[in-house]
Amino acid sequence: MSSETHANSKVVDSLPLFELESHIQNYTGRNAVDRLLFIADRCAPLAKDALTLAIASLKQTAEVNRYEDAVERLHEIAPHDPRATIDTVWVDEVTKATRSTGDKLELELKSYKNNLIKESIRMGNSELGDFYFSIGDLSSASKFYSRQREYCTTHKHIEDMSMDMIRVAVHQRNWSQVETAISRIDALPSKNSDIEPYLKAVRGLWSLAQSNFALTASTLLNVPVESLTHFAPKSRQKATYTITDFVTVNDVAVIIGLCSLASYSRNALKDLLDNNANFKEILESEAHIRTLLDSFVLFDYKSIFSTLEKHKTDYMLDIWLADHVEKLFDRIRENCYTQYVRGYKRGYLDKMAARFGVSQDDVEKDLIALIESDKVPVRLDLENKYFLFKSADERADVYDHVMSIANTFERNGRLLLVNIGVLRGGLEINAKPESSGFDPKAFR
């Protein structure tokens, strides 16, 4: 992810709880580099270390442009660091090698086109897409992957092309392209079942990008925990796709935990913790998320907010969560307030403030904002410092039900009288009584 993308994003000044070098060992390849550059953008105290690690990782790839960019950024913050100088020998060697490979693949594709061999043309475009992906040119990779489409002759070809498009589109954050590619796979009459976990994970990230937290949680909950450690479609020969290209099981645990806290009721969350075996396994990787969810079920709101604040910097440095942290925290607070007020017909603000670990003034401000936006059904008495929960009018509901029964009885009685009058008059009735919805036998 480029530095320009986040140039105007919020920067954190505090250090996270994780140790950078051990944290980044959870990731590999492009995912690791993206996260290091992201941390360098977002966290000034870790910028130097993150860039140093990114430079070392990039020198194991063919991504010359990103390597040069990372070195220049390191030079800006640490001009005397020996690693802040571009290794021109390495750059020249890699550039020469990649140019040679690119030219060779271009010539092969041209030859295939001249010979009008559809399968070879498709593979040629696919190989060029892989090549450009390997050197970090995602736009060119996407272009060549998409060119496979007119040469696809089987459902498997369409599936492979779509998977290629999804991988590069997720790295580009091109969610419209992700949607198109997934829809194309869904439309196939048959598909490789091994790709389902991968697609579910991508759908979850897509939902998160749209700030649809409830859908994010429910989608990622269906991703089997074993697929979060390794996944590779068995029928795929030229490349493998793993969910860990984007997220690890730890990341998924945090995302599901925060999104469910922001959107699930207490009963739904309790059922999830008690009965969802897959989620229990996922939660084993992040103990603090389990603590957060247990606290919500046990009405321990003070613990929830202290734990969230403690880990906030970690969330702000996650490449997927960062842009949603503030909104997630707001939704979690709203959800906690809603769950709290539903437990009382009358509640006092001082006790509520103590339960949430905040001042009474903060509780008043939050409740007023929630009331004005119709998010909590309460009336607030600011003079006496309490709230009243506006429960449903049970008396009115009973009255409406009784009147409905009475009206039905009256209608049936009138129909019975009409039927008796007709029979006494000796009139012939062509239509069956049942056609009116009335059964005279029911009254005999």
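Please read these numbers as outputs of a predicted model, since none were measured by experiment. For the numbers below, each heavy atom of this structure counts, side chains included, while hydrogens, waters and symmetry mates do not. The first residue of the sequence shown is numbered 1, and numbering continues consecutively from there.
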Consider only side-chain N and O atoms of [X] and [Y], and report whether a donor and an acceptor are under 3.5 Å apart.
X	Y	value
T219	S207	no
Q148	N125	no
D381	N384	yes
N407	R411	no
D245	T242	yes
T291	D294	no
T85	D87	no

State, with a plain yes or no, whether a side-chain heavy atom of S227 is found less than 4.5 Å away from one of K200.
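No; the side chains remain at least 4.5 Å from each other.
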
* Does the side chain of I405 reach to within under 4.5 Å of the side chain of T408, using non-hydrogen atoms? ->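 No, every pair of side-chain atoms sits at 4.5 Å or beyond.
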
| query | Does a sphere of radius 6.0 Å around NZ in K270 hold more than 12 heavy atoms from other residues, nucleotides or ligands, not counting ones at 6.0 Å or beyond? | reply |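 Counting other residues, nucleotides and ligands, NZ of K270 stays at 12 neighbours or fewer.
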
- Parallel, tilted or perpendicular: rings of H288 and H311 (30°, 60°):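 It falls in the parallel class, under 30°.
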
What do you reckon, are the aromatic ring centroids of H171 and F133 less than 6.0 Å apart?
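Yes: the rings meet the under 6.0 Å criterion.
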
In plain terms, say whether [X] and [Y] are close enough for a salt bridge, that is, a side-chain N and a carboxylate O under 4.0 Å apart.
X	Y	answer
R203	D186	yes
E364	K385	yes
R73	E76	no
K312	E326	yes

Query - All side chain to side chain donor-acceptor pair (under 3.5 Å) counterparts of T88, not counting sequence neighbours - result: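 T88: no side chain to side chain donor-acceptor pair (under 3.5 Å) contacts found.
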
Inter- and intrachain pairs under ring-ring contact (aromatic ring centres under 6.0 Å, His included), touching residues 356-377, at least two apart =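 For residues 356-377: Y301-F356, F305-F356, Y337-F356, Y340-F356.
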
